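Okay, so here's the structure we're looking at.
Remember, predicted model here, so these are calculated numbers, not experimental data. For the single chain, residues carry numbers from 1 onward in sequence order.
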Amino acid sequence: MEIRKVRFEDMQHVYELAKKYLKESYTFDLILNLWNFSPNGFLVAVEKGAVVGFIIGVKTSVDSLRILMLAVDEQHRKRGIGSALLKKLQLNFPEVRRMYLETRVDNEEAIKFYKKHGFRIVDREKDFYTDGSEAYIMEKILF
Ligand SMILES: CC(C)(COP(=O)(O)OP(=O)(O)OC[C@H]1O[C@@H](n2cnc3c(N)ncnc32)[C@H](O)[C@@H]1OP(=O)(O)O)[C@@H](O)C(=O)NCCC(=O)NCCS
């Protein structure tokens, strides 16, 4: 398994993973724009030539990084791919002191995943998602 920066030819696969595994619906154009906006924060996990996971992080201030999307193909979960994507993302931004994200309050696997990586729930936001669901804000202070 290899973690690398996304390439244009990966975009369709990334879009399909996002459509399949993320509850919020994102357009192909949005994903393309995020690549343009944050080329160092958009990584894919590739196995035998296939994209099996991706992460998108964007800088929101000089020292903060917001994780916007993370998904791993169901058949490849629980093998450390999500963790490898998160770690590589962090390495790409050595100046970042705070990483944060929002997740649905009922997304137990994501909450456990992020807690395992040292994130904690710091707030919740009502009506965060387009279907009205609530989000937890989770953050990790790096240094
Ligand atoms: C969250 C997600 C990216 C994790 O990816 P992954 O490759 O399976 O994660 P890893 O194998 O690196 O897991 C690391 C740790 O996370 C926790 N974890 C991951 N999946 C879990 C699950 N289903 N239940 C409980 N804990 C889980 C465990 O602590 C695990 O460590 P362990 O294997 O030593 O028990 C993946 O489940 C996913 O794509 N979910 C759907 C999309 C999503 O919800 N994204 C997050 C939106 S904010």
Enter the distance from [X]:[atom1] to [Y]:[atom2] here, rounded to the nearest 0.5 Å.
{"X": "Ile55", "Y": "Gln90", "atom1": "CD1", "atom2": "CD", "result": "10.0 Å"}
{"X": "Leu68", "Y": "Leu101", "atom1": "CG", "atom2": "CG", "result": "9.5 Å"}
{"X": "Asn107", "Y": "Tyr114", "atom1": "CG", "atom2": "OH", "result": "9.0 Å"}
{"X": "Asn33", "Y": "Ser38", "atom1": "CG", "atom2": "OG", "result": "12.5 Å"}

N/O donor-acceptor pairs under 3.5 Å from side chains in residues 134-143, not counting sequence neighbours:
{"unit_1": "Glu134", "atom_1": "OE1", "unit_2": "Arg124", "atom_2": "NH2", "d": "3.3"}
{"unit_1": "Glu134", "atom_1": "OE2", "unit_2": "Arg124", "atom_2": "NE", "d": "2.5"}
{"unit_1": "Glu134", "atom_1": "OE2", "unit_2": "Arg124", "atom_2": "NH2", "d": "3.1"}
{"unit_1": "Glu139", "atom_1": "OE1", "unit_2": "Arg98", "atom_2": "NE", "d": "2.6"}
{"unit_1": "Glu139", "atom_1": "OE1", "unit_2": "Arg98", "atom_2": "NH2", "d": "3.4"}
{"unit_1": "Lys140", "atom_1": "NZ", "unit_2": "His117", "atom_2": "O", "d": "2.8"}

message: Assess the residue pair Leu34 and Leu30 against the criterion (side-chain contact (heavy atoms from CB on, under 4.5 Å)); give the C-alpha distance rounded to whole Å, side-chain angles, the decisive distance to 0.1 Å, and a yes or no.
response: CA-CA 6 Å; Leu34 289 171; Leu30 174 81; 4.2 Å; yes
Can you hop from [X] to [Y] via hydrophobic side chains spaced under 4.5 Å?
{"X": "Ile3", "Y": "Met99", "value": "yes"}
{"X": "Ile56", "Y": "Phe128", "value": "no"}
{"X": "Trp35", "Y": "Phe37", "value": "yes"}
{"X": "Tyr21", "Y": "Leu85", "value": "no"}
{"X": "Met69", "Y": "Leu65", "value": "no"}

Under 3.5 Å donor-acceptor, Lys88 side chain and Leu91 backbone: no
query: Can you pull the ring pair (Phe, Tyr, Trp, His ring centres under 6.0 Å) pairs that have at least one residue in residues 70-100, sequence neighbours excluded?
result: none
- prompt: If you count the non-hydrogen atoms of other residues, nucleotides and ligands that lie under 6.0 Å from CD in Gln75, is the total more than 12?
  reply: no
Could you note down all residue pairs passing salt bridge (Lys or Arg N to Asp or Glu O under 4.0 Å) where [range] supplies at least one of them, sequence neighbours left out?
{"range": "residues 23-49", "result": "Glu24-Arg104, Glu47-Arg79"}
{"range": "residues 61-75", "result": "Arg66-Glu102"}
{"range": "residues 105-115", "result": "Arg77-Glu109"}

Side-chain donor/acceptor pairs under 3.5 Å, residues 12-20, sequence neighbours excluded:
{"unit_1": "Gln12", "atom_1": "NE2", "unit_2": "Glu16", "atom_2": "OE2", "d": "3.0"}

query: Of the non-hydrogen atoms in Lys5 and Pro39, which two are nearest, and what is the gap between them?
result: CD-O, 3.9 Å
For the student: nearest non-hydrogen atoms of Phe54 and Phe42, plus distance: CD1-CE2, 4.2 Å
- prompt: Do Arg4 and Asp10 meet the salt-bridge criterion of a basic N to acidic O distance under 4.0 Å?
  reply: yes
task: Could you give me the CA-CA distance, side-chain angles and deciding distance for Leu86 and Ile67, then say whether side-chain contact (heavy atoms from CB on, under 4.5 Å) is met?
output: CA-CA 9 Å; Leu86 183 62; Ile67 299 168; 3.5 Å; yes
task: Would you sort out whether Val52 and Ile81 count as a side-chain contact (heavy atoms from CB on, under 4.5 Å), showing the intermediate values?
output: CA-CA 8 Å; Val52 296; Ile81 295 175; 4.0 Å; yes
field: Check against side-chain contact (heavy atoms from CB on, under 4.5 Å), Asn92 and Leu43
entry: CA-CA 10 Å; Asn92 282 359; Leu43 308 175; 3.6 Å; yes
